[in-house]
Every structure is written in structure tokens, then in C-alpha cells.
Amino acid sequence: MTNGAAGAAARVAHDVVRRAQQGDVEAFESLYRAHGPAVFAVARRMVGDEREARDLVQDIFVRAWERLASFRGDSSLGTWLHRLAVNLVVEKLRAARRDVLRFTDDDADAAPTPRSDADAIDARLDLDVALATLPAGARVVFVLHDLEGYSHEEIAQMTGIAAGTARAQLWRARRHLMKKLDP
């Protein structure tokens, strides 16, 4: 996209956000259509369940509608919605009294068995299925760190756990996933 086209697209996006902030439902629907798939992807990875993720997307966009007036444009709307989504999913996990903060792996001391190059080539990695086997807390930390790129300190702030706990959960989640994905 050329600079002129990029600038025009940014102006259109800004105009849609401004109209939505003023209560224009059609403008907000446009934002929902544009950003809904990315918000769903984050929620799906974090909760590991498609139906629950779809429900969360609705909750996230209700919250976005309620808080859209506070969006100042310091970051892109996509970034703002992403952070809103992550925060709401973490909040919902806490409210549901799930085990967000603990993850124990009974086989944590067992060394993973090495696989041959042929096995590695033939291995089919289905990350969504493997993620669903993780306890909620480990899944949240893994998704936030390894897939979404948050630091341990940011994860600690979002989830209310210590950064060291986030590191430990990530390490255990990776080991657990390696075992699940190893043929």
C-alpha cells in the first residue's frame, strides 16, 4: 500500500472509530466485523473451547462498546481490543474459580524421550488440541507468552501471579506440550 493509500485507510478507520464512539451502531458493527476474528483467535487459544470463546467474544465486544469512549487512539484499535480481550478472559477465568494460578505436572522430572528425524518430519502438530489438554493457568501463561508475546512481568500483572510463577508455569506447560505432541 502506498503512503497516500495508507493515510487514506487510516483516516477512514479513525472516522469509523469516531462514529462508533458517538453511538453509531453501524460503525461499531463494522469494527466488530473487522476485529472479531482476531479477538476470537485470542480467546480460543486462552480458554481452549470454541463455544466458550464465542461467548467471550460477545462479552468482549459488549465491554468494548461500553468503554469505546475511553479509547484515545494512543495505540491502534486492534491493540486496544486485544488487551481488552486478554484482560476479560483472565477476569472470566478468575471469576469461574478455575485453577488459573496453579499447574502441577506429576511427570515434571521425567526427561522427554528424543525422537528420530523421521519421526520429527512425520509428526503432526495440532496446537489447539494440545493446548486444550493444559490446565487453564498453564494454557493462559503459554498463550500470553509464547503466542501473544507478553513478558513474564506483563503476564504477572494481568493474572495476579508472580513473574517467577509465570516462568515456572510456562516451563511446565512447554514440557507438557512436548509430551503431548511427541508421537
Pairwise distance CH2(Trp65) to CD(Gln21) - rounded to 0.5 angstrom: 10.0 Å

Heavy-atom closest contact (Val90 atom, Met158 atom, distance): CG1-O, 3.2 Å

Which residue pairs pass the salt bridge (charged side-chain N to carboxylate O under 4.0 Å, His left out) test when at least one of the two sits in residues 142-157, sequence neighbours left out? Arg45-Glu148, Asp146-Arg174, Glu153-Arg167

Applying salt bridge (charged side-chain N to carboxylate O under 4.0 Å, His left out) as the test, list every pair that has at least one member in residues 78-87; sequence neighbours left out. none

To the nearest 0.5 Å, atom NE2 of His152 lies from atom CD of Gln169 at 11.0 Å

With sequence neighbours left out, what residues match Phe40 under ring pair (Phe, Tyr, Trp, His ring centres under 6.0 Å)? none

Who passes side chain to side chain donor-acceptor pair (under 3.5 Å) against Ser75, sequence neighbours left out? none

Gap between atom CG of Leu170 and atom CG of Leu144 - 0.5 Å precision: 10.5 Å

Inter-residue atom distance His35.NE2 - Leu81.CG, 0.5 Å rounding: 6.0 Å

Rounded distance (nearest 0.5 Å) linking atom CG of Leu177 with atom NZ of Lys180: 9.5 Å

With sequence neighbours excluded, what pairs up with Ser70 under the side chain to side chain donor-acceptor pair (under 3.5 Å) test? none

Report the residues that fulfil ring pair (Phe, Tyr, Trp, His ring centres under 6.0 Å) with His82, sequence neighbours left out, ordered by chain and then residue number. Tyr150

Who pairs with Arg67 by side chain to side chain donor-acceptor pair (under 3.5 Å), at least two apart in sequence or on another chain? none

Going by the rule side chain to side chain donor-acceptor pair (under 3.5 Å), which residues pair with Asp24 if we only count those two or more places apart in sequence or in a different chain? Arg19

With a 4.5 Å limit on heavy-atom distance, are the side chains of Val57 and Arg54 in contact? no

Nearest 0.5 Å please: distance from the CD1 atom of Ile60 over to the CG atom of Leu84. 7.0 Å

Taking salt bridge (Lys or Arg N to Asp or Glu O under 4.0 Å) as the definition, give me every residue that meets it alongside Asp55, ordered by chain and number, with sequence neighbours left out. none

Side chain to side chain contact (heavy atoms under 4.5 Å, CB included) partners for Ser76, two or more places apart: Thr79

With sequence neighbours excluded, give me every salt bridge (charged side-chain N to carboxylate O under 4.0 Å, His left out) pair touching residues 32-44. none

Kindly write out the residues that satisfy salt bridge (Lys or Arg N to Asp or Glu O under 4.0 Å) with Arg72, not counting sequence neighbours, or none if the list is empty. Asp74

Set out, in order, the CA-CA distance, both residues' side-chain angles and the distance that settles side-chain contact (heavy atoms from CB on, under 4.5 Å) for Val141 and Ile161, then state yes or no. CA-CA 10 Å; Val141 170; Ile161 62 175; 4.2 Å; yes

Is the number of heavy atoms from other residues, nucleotides or ligands under 6.0 Å of Glu26 CD greater than 12? no

